[in-house]
Protein chains: 2
Amino acid sequence: MNGIKNQRQAVLDRTLSRSGLRMTRQRQTVYDTLMDQRDHPTADEVFSRVKRTMPTISLATVYNCLEKLVDCGLVRQVNRDRESTRYCANLKEHGHFYCRQCGSVHDIDLPSGQPADLGLALPEGFRVDQLDVNLRGVCPECGAKQQS
Amino acid sequence: MNGIKNQRQAVLDRTLSRSGLRMTRQRQTVYDTLMDQRDHPTADEVFSRVKRTMPTISLATVYNCLEKLVDCGLVRQVNRDRESTRYCANLKEHGHFYCRQCGSVHDIDLPSGQPADLGLALPEGFRVDQLDVNLRGVCPECGAKQQS
DNA sequence: CATCTTTTTTAGAATAATTCTTGATATTAA
DNA sequence: TTAATATCAAGAATTATTCTAAAAAAGATG
């Protein structure tokens, strides 16, 4: 029972050791937390979720774990302006939509392929290796509320 | 002589008062600084540039002025991850390219029109009113250096 | 012009997120 | 087991930014 978590754990273990890192209970819990509820929590939010099952963990450790997960590519940092960094376990290339009313963050699929495909008029000579797309507006839930 | 600065000043004056704000020597100088050298400086960098002609200005004032300029729409804030906010006096819709080698920031034209035109597969119900595109990579200058 | 009002500036304190430091603890290797 | 290394944890430190409160400047009014 609970094959999903076992499989997830195997991926984590493999990926960590590929980066010369050890699998620890803390990393596992932090990773599980991100995978279980994929709503782009801040480090602080992750901290309070993890504390529920591991009350002795410290915020510094959560930051450390998140950093390692980002380093080994299992987790992405998501930033909007200078607000707290959020963490995202969706590895597919995607952008983010921020609802200015409820503050929720939604993943938005990007057209696969190179950034050039976005139709950007990139002058000669720029080599792009990362693309970051952020949208701001009103999400469907808030939009609906407003109409009524 | 110096018609450009006079014209610029007139625009600033008009725009400020449209927002119920006064034209001050500090705001004028901060705005001029951004318009004169359009390289996306941080507040701190603006501060040190402004100090050259106005040695008594304080950093808080620079922050205040920048905030007002942003409020009244003459200046845009530009963020990359959680680094210091940068300020940009280019009002045309555009994205930003960050060179990971020299740290320079370049404006990148976006295809005019709605965000949907970027080819984003936006699910039904999202109303977008702001689009933010950041690219990361190597700029032409650094690319050329590397080849040789 | 003198006075009153409002806005702006300023210096320094406060804040918030994150990183750093250092010693304790756990894990692996020998 | 012992040694070596990696990780964790608690709190201090850092950094960018905002807040606060008082002084200065600008504009309006009589």
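Predicted model only: the values in this text are computed from it and were never measured. Scope of the values below: all heavy atoms of this structure, side chains included, with no hydrogens, waters or symmetry mates. Chain naming here is simple, since letters A, B, ... match the order of the sequence lines and numbering starts at 1 in each.
The side chain of B/C65 sits closest to C/dT9 out of D/dT18, C/dT9, C/dA17. Closest contact between the side chain of A/A60 and the listed nucleotides D/dA10, D/dA16, C/dT10 involves D/dA10. When the nucleotides C/dA26, D/dT17, D/dA10 are ranked by their closest atom to the side chain of B/A43, D/dT17 comes out on top. Of the candidates C/dT9, D/dT7, C/dT18, the closest approach to any side-chain atom of A/L59 belongs to C/dT18. Of the candidate nucleotides D/dC19, C/dT9, D/dT17, D/dT17 has the atom nearest to the side chain of B/S84. Set against C/dT18, C/dT9, D/dT7, the side chain of B/T61 has C/dT9 as its closest nucleotide.
To the nearest angstrom, C1' of D/dC8 lies 13 Å from CZ of A/F47. Between A/Y87 atom OH and C/dA17 atom P there is a gap of 12 Å when expressed in whole angstrom units. Summarising the geometry, the separation between CG on A/D81 and C1' on D/dT18 is reported as 16 Å, rounded to the nearest angstrom. Whole-Å rounding puts the A/D13 CG to C/dT27 C1' distance at 13 Å. Atom CD1 in B/I57 sits roughly 17 Å away from atom P in D/dA24 (whole-Å rounding). Separating the CD atom of B/E83 from the P atom of C/dT18 is a distance of 14 Å, rounded to the nearest angstrom. Atom NZ of A/K51 and atom C1' of D/dA10 are 13 Å apart (whole Å). Atom CG of A/L16 and atom P of C/dT28 are 12 Å apart (whole Å).
Listed for the A/T15 side chain is a donor-acceptor partner under 3.5 Å among the backbone atoms of A/V11. Side chain of A/S17 to main chain of A/G20: no donor-acceptor pair is present (N/O by atom type, distance under 3.5 Å, no hydrogens or angles).
Hydrophobic clustering, with ILVMFWY side chains joined whenever heavy atoms are under 4.5 angstrom apart, groups A/F126 together with B/L135.
Between B/T24 and C/dT9 there is a side-chain polar atom (N or O) within less than 4.0 angstrom of OP1 or OP2. Dashed line: the shortest gap from a side-chain N or O of A/R27 to OP1 or OP2 of D/dC8 is under 4.0 Å. In terms of phosphate contacts, A/Q26 brings a side-chain nitrogen or oxygen within less than 4.0 Å of OP1 or OP2 of D/dA9. Between B/R22 and C/dT6 there is no side-chain polar atom (N or O) within less than 4.0 angstrom of OP1 or OP2.
Looking at heavy-atom distances under 4.0 Å, B/N64 makes contact with a base. Across all strands, B/T85 comes closer than 4.0 Å only to sugar-phosphate atoms, never to a base (heavy-atom distances). Nucleic acid contact class of A/T42 (heavy atoms, under 4.0 Å, all strands): none.
When the options A/Q9, A/R27, A/R8 are evaluated for a side chain to side chain donor-acceptor pair (under 3.5 Å) with A/D32, the one that passes is A/R8.
Aromatic rings of B/H40 and B/H106 (six-membered ring for Trp) have centroids beyond the 6.0 Å cut-off, not under it.
Of the two residues near DNA chain C, B/G20 and A/E67, the one whose nearest nucleotide lies more 5' is B/G20. Both B/M23 and A/N79 sit near DNA chain C, but only B/M23 has its closest nucleotide nearer the 5' end.
Between A/H96 and A/H94, the ring planes lie perpendicular to each other; the angle is over 60°, past the 30° to 60° tilted range.
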